[in-house]
Amino acid sequence: MKLAVVDDEKKMTELLSDYISRFAEERQMPVQVSVFHHPNDFLTKYTKDYDLVLMDIEMPGLNGIETARELRKMDARVVLMFITNMAQYAINGYEVEAVDFIVKPVSYPDFAMKLAKALRYVKRNEEKRLVLNTPDSVVHISLGDIYYVEVIRHYLVYHTVSGNYTVRGVLKEMDELLAEYHFVRSNHCYLVNLKYVESITGNLVKVAGDELQISRNKKTEFMMAFTRYVGGMD
């Protein structure tokens with residue numbers, strides 16, 4: 001696992017590095033930690049092979065939220081967790097899809113619990129691909145790049161970050177195949193990647209800008225699945 005720690009306080013980066021090493025040793029997992037004391041340095045040297053970024057919010061110059069906005073322009077998938085002196089600042093983290101926040105002073109038990117949660121999100125980002133035989137070509141797509149799957153008659157339309165792809169198929173079969181990757185039916189027409197749910201209002205779920213219907217008989221199941229996903233329980 002590759003982590004980046006971004007904090008202008010040297011004592012804090014040393015403490016977090018020690019906590020990460022302890023966590024990794026307890027779980028017998030390899031880990032590589034890169035420390036950045038300046039947000040601009042982090043952004044300049046950033047590479048898309050990080051699994052997790054731990055970032056302080058209160059930093060001079062470019063603060064953590066502003067840095068995270070720039071990070072998201074480069075990498076929409078890396079797991080991000082904030083460190084802060086004031087918990088009320090952390091609510092701003094939702095706009096940059098931070099999975100959680102750690103309040104200073106940081107104790108090891110709290111840190112280990114939060115890091116374990118973050119690792120569940122990291123696991124979701126593991127690269128898994130799907131091969132689609134479209135009428136024109138064979139397309140390889142990452143499951144993490146699929147917004148939702150829509151059935152139209154005997155065809156499945158995959159709505160993805162790189163466009164829409166149409167193939168012959170049965171939604172029930174895809175439902176069974178993708179269930180473990182947090183895809184859930186909102187009704188008989190749509191199979192939704194919970195990663196891209198922006199809001200749920202009444203019987204509508206907004207997914208990557210599109211509003212999709214949630215049927216009455218699917219709503220309880222859908223809401224429970226989404227609650228578990230957001231809480232990092234799956």
Side-chain angles (χ1 to χ4, degrees), residues 48 51-52 65 68-69 71-81 91-100 117-118 120-134 139-234:
K48 293 182 70 173
D51 298 298
L52 172 64
I65 299 296
R69 290 192 188 110
L71 170 63
R72 285 298 180 219
K73 294 176 184 178
M74 297 186 288
D75 191 341
R77 300 181 64 184
V78 67
V79 177
L80 173 64
M81 188 157 60
I91 194 167
N92 297 320
Y94 291 110
E95 70 176 273
V96 288
E97 299 182 35
V99 299
D100 209 338
K117 175 182 176 180
R120 291 196 288 272
Y121 285 90
V122 170
K123 186 177 179 181
R124 295 174 184 177
N125 281 344
E126 290 178 355
E127 191 74 5
K128 294 179 177 64
R129 304 187 72 82
L130 192 66
V131 179
L132 303 180
N133 293 297
T134 73
V139 180
H140 293 253
I141 61 172
S142 169
L143 297 187
D145 289 341
I146 301 172
Y147 297 140
Y148 63 94
V149 185
E150 177 182 11
V151 62
I152 301 177
R153 298 185 180 88
H154 301 297
Y155 291 89
L156 298 179
V157 180
Y158 291 81
H159 298 257
T160 80
V161 297
S162 57
N164 299 341
Y165 303 98
T166 302
V167 301
R168 289 188 68 88
V170 179
L171 193 61
K172 182 180 178 180
E173 293 178 358
M174 293 311 303
D175 188 1
E176 295 171 354
L177 178 65
L178 300 179
E180 66 176 297
Y181 304 112
H182 310 287
F183 283 76
V184 180
R185 293 278 285 271
S186 67
N187 62 21
H188 68 283
C189 293
Y190 302 115
L191 180 61
V192 175
N193 186 345
L194 296 178
K195 172 183 176 181
Y196 293 104
V197 170
E198 298 171 5
S199 63
I200 299 174
T201 306
N203 291 322
L204 293 176
V205 54
K206 192 172 184 179
V207 184
D210 295 341
E211 289 191 335
L212 312 179
Q213 194 76 28
I214 306 175
S215 64
R216 182 177 300 177
N217 65 331
K218 291 289 185 183
K219 186 165 186 178
T220 299
E221 178 186 349
F222 189 88
M223 294 299 296
M224 288 179 63
F226 182 64
T227 300
R228 289 182 61 82
Y229 179 84
V230 171
M233 291 183 283
D234 287 331

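Here, residue 1 is the first one in the sequence, and each next residue gets the next number. Everything numeric here is computed off the predicted structure, so don't read it as measured data.
Formation of a donor-acceptor pair under 3.5 Å by the Asp51 side chain with backbone atoms of Val122 is not found in this model. Distance alone, capped at 3.5 Å, is enough to place a donor-acceptor pair between the Ser186 side chain and the Gln213 backbone. In this structure, the side chain of Glu198 engages the main chain of Gly209 through a donor-acceptor pair within 3.5 Å. In this structure a side-chain-to-backbone donor-acceptor pair under 3.5 Å is present from Lys219 to Gly202.
The two residues Glu97 and Arg72 come nearest to each other via the heavy atoms O-NH2, 3.4 Å. Minimum interatomic distance between Leu191 and Arg185 (heavy atoms only, all atoms of both residues): CD1-N, 3.8 Å. Across Thr134 and Tyr165, no two heavy atoms sit closer than the pair CG2-CB, 4.2 Å. Residue Arg129 comes nearest to His140 through the heavy atom pair NH2-O, 3.1 Å, listed as atom of the first residue, atom of the second, then distance. Here the closest heavy-atom approach between residue Ile65 and residue Val96 is recorded as O-CG1, 4.3 Å. Closest heavy-atom contact between Glu211 and Leu204: OE1-CD1, 3.7 Å.
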Could you go through Val207 and His159, starting from their C-alpha distance and side-chain angles, then the distance that decides it, and tell me whether this counts as side-chain contact (heavy atoms from CB on, under 4.5 Å)?
CA-CA 10 Å; Val207 184; His159 298 257; over 6 Å; no

Derivation and outcome, side-chain contact (heavy atoms from CB on, under 4.5 Å), residues Val161 and Tyr147:
CA-CA 7 Å; Val161 297; Tyr147 297 140; 3.4 Å; yes

Please assess Phe222 against Val192 for the test side-chain contact (heavy atoms from CB on, under 4.5 Å), listing each intermediate value before the final yes or no.
CA-CA 9 Å; Phe222 189 88; Val192 175; 4.0 Å; yes

Go through it in stages, so that I can follow the logic: the residues are Val139 and Tyr158, the test is side-chain contact (heavy atoms from CB on, under 4.5 Å), and I'd like the CA-CA distance, side-chain angles, deciding distance and then a yes or no.
CA-CA 11 Å; Val139 180; Tyr158 291 81; over 6 Å; no

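Using a 4.5 Å cut-off on side-chain heavy atoms (C-beta onward), Met174 and Leu130 make contact. A 4.5 Å side-chain heavy-atom check between Thr201 and Lys206 finds every atom pair outside the cut-off. Side-chain contact between Glu150 and Leu171 is absent, with no heavy-atom pair separated by less than 4.5 Å.
Side-chain contact annotation: Tyr148 with Asp210, donor-acceptor N/O pair under 3.5 Å present.
Note that CD of Glu221 is 11.5 Å distant from CD1 of Ile214, once rounded to the nearest 0.5 Å. A distance of 11.5 Å separates CG of Leu143 from OG1 of Thr160, quoted to the nearest 0.5 Å. Here the CD1-OG1 distance, from Ile200 to Thr227, works out to 7.5 Å after rounding to the nearest 0.5 Å. Atom CG of Leu212 and atom CG of Asn203 lie 12.5 Å apart (nearest 0.5 Å). Interatomic distance, CZ of Phe183 versus OH of Tyr190, reported as 16.0 Å (0.5 Å rounding).
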